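Encoded as structure tokens, the structure appears first; notes follow it.
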Amino acid sequence: MSLFENTLKQIRKASLLMNLPANVEEVLSHPERIIEVSLPVVMDNGHLRVFQAFRVQHNSIRGPYKGGIRYHPQVDMDEVKALSTWMTMKCAVVGIPLGGAKGGIVMDPKSLSARELEAVTREYARAMTPFIGPEIDVPAPDVYTNSQIMAWIADEYSKIKGHNVLGVVTGKAIETGGSLGRDSATSQGGVYIIEEYLQSVGKQAAGMTVAVQGFGNAGSHVARLLSELGMKVIAISDSKSALHCADGIDASAAMVCKLEKGQVGECTPVGAKCDIITNEQLLALPCDILVLSALENQVRVDNADSVQARLIVELANGPVTPEADEILARKGVPVIPDILANAGGVTVSYFELVQNQMNYYWSLEEVLGKLKPIMQNAWRDVHGNAVKFGCTYREAAFITALRKLEAAITMRRGK
Ligand code: GLU
């Protein structure tokens, strides 16, 4: 099943509920620009290898294109088209003045040396230079990319332009023009949304149990932040293994251990009663909240029925398929969708861009003080639409985004 087709289905569903003008749906069903490049790089063994890479600029009616770049052996154009569309929706849900884009390079970054990784990244930056910039399109980290990769892109782009252009990418380290709070922003935004959700259903955070799939940037920070709210993280996983500890996992210690040992499966605390389980078993654990922070298509038609969590939160993009969505809705398991739950990341990316352009930087308190009301307002809008249309949170989030996009498109271009 094509991921982009799934995205179009999500737009279709919301569009039918809200009576979206057909022209608006048509515009949003096609990315504005698709860039595909070949990146020739001399590898450490002296041989030349050509990497396939993409950037899809989905829509810029609300502002410059914005979205991450992923390095993954399975990334393809279809996936990048879907991810770029979700970025347009995400920025609209939280109301930040940005459009949607996404990039990808087909490669396994774990199999490349640091020099090779830098060479591919700089080649990508050179190929993308005509199409990116603070007022055009601003890339950021995504799956298997990080602040080091952003530093190389900013450096290469700045060299070509002949002056320092920090705002060409976000997700940079503080030393290279990053924003305080950006590293944990995706998770922090998700936690603000979870707090709002719990308040709306009259439940307390303290004592709740959580399973977290994916222990990268989003997964590790969300485990830590939810523990700070008094929740018990009972399971975590990464691409290699999964760890289940009924008495709870110390998220900060697991973060340190994962860095050292490379996988969470080797992070059983001394003396604790833990089991090594599979990713599939983690998805089926009885718990209050299942946070999906790995990749897309994790909860599908074949395993959605076995989910026992009371709430699903999508910190990854697209982890629940449309068929699984229907099964979960029938089972009465609410899903807080990606375009709302993980929008804190791009929101603080927006703050980073603004700070770069002003060349004036905010304290962590200022950053969080601006992020929180944005997430709370987005929750209020999405929750309001879920009640008004009697629909799921995903449908309501799409309705929220599409209304704003509709207003911009029809005011500028007519119905
Ligand atoms: N890759 C993140 C996302 O999917 C962040 C994008 C950004 O900051 O531009 O939302």
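Read the numbers this way: they start at 1 and go in the same order the structure lists the ligands and their atoms. This structure is a prediction, so every number in the text was calculated from the model and none was measured.
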_At under 4.0 Å between heavy atoms, is it the side chain or the backbone of N317 that contacts ligand 1, or both, or neither?_
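It is the side chain that touches ligand 1; the backbone stays farther off.
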_So is G171 touching ligand 1 or not, going by heavy atoms under 4.0 Å?_
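No heavy atom of G171 comes that close to ligand 1.
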_Other residues, nucleotides, ligands: >12 heavy atoms within 6.0 Å of M358 CE_ =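 It does: M358 CE has more than 12 such atoms within range.
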Minimum-distance protein heavy atom relative to [atom]:
atom	value
atom 8 (O) of ligand 1	S349 OG, 2.5 Å
atom 7 (C) of ligand 1	A140 CB, 3.3 Å
atom 10 (O) of ligand 1	K90 NZ, 2.7 Å
atom 9 (O) of ligand 1	K66 NZ, 2.7 Å

*salt bridge (charged side-chain N to carboxylate O under 4.0 Å, His left out) involving D155 - partner list, sequence neighbours excluded*: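 If we apply the salt bridge (charged side-chain N to carboxylate O under 4.0 Å, His left out) test to D155, skipping adjacent residues, the hits are R122, K159.
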Taking only heavy atoms of [X] into account, list the atoms of ligand 1 that are under 4.0 Å away from them.
X	value
M87	3 (C), 4 (O), 6 (C), 10 (O)
G67	9 (O)
D142	1 (N), 2 (C), 4 (O)
K102	1 (N), 3 (C), 4 (O)

*Would one find an N or O of R182, backbone or side chain, under 3.5 Å from an N or O of ligand 1?*
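Right, the criterion is met.
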_P141 N/O under 3.5 Å from ligand 1 N/O_ =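 Yes.
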*Does W379 have its ring centroid less than 6.0 Å away from the ring centroid of Y393?*
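Yes; Y393 has its ring centre under 6.0 Å from that of W379.
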*Between L39 and V37, what is the shortest heavy-atom contact and its length?*
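Closest heavy-atom pair between L39 and V37: CD2-CG2, 3.8 Å.
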*Is there side-chain contact between I336 and E314, with at least one heavy-atom pair below 4.5 Å?*
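Side-chain contact under 4.5 Å: no.
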*Can you find a side-chain donor-acceptor pair between Y71 and T121 that sits under 3.5 Å?*
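Their side chains do contain a donor-acceptor pair, which is all the 3.5 Å distance test asks for.
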Side-chain atoms of residues 220-233: list all donor-acceptor pairs with protein atoms under 3.5 Å, sequence neighbours left out, distances to 0.1 Å.
residue : atom : partner : partner atom : Å
S220    : OG   : G216    : O            : 2.7
S220    : OG   : N217    : O            : 3.4
H221    : ND1  : R224    : NH2          : 3.0
R224    : NH1  : E228    : OE2          : 3.3
S227    : OG   : A223    : O            : 2.7
K232    : NZ   : A246    : O            : 3.3

*Should W152 and Y124 be marked as a ring-ring contact (aromatic ring centres under 6.0 Å, His included) after you check the CA-CA gap, both sets of side-chain angles, and the distance that decides it?*
CA-CA 10 Å; W152 289 327; Y124 184 75; over 10 Å; no
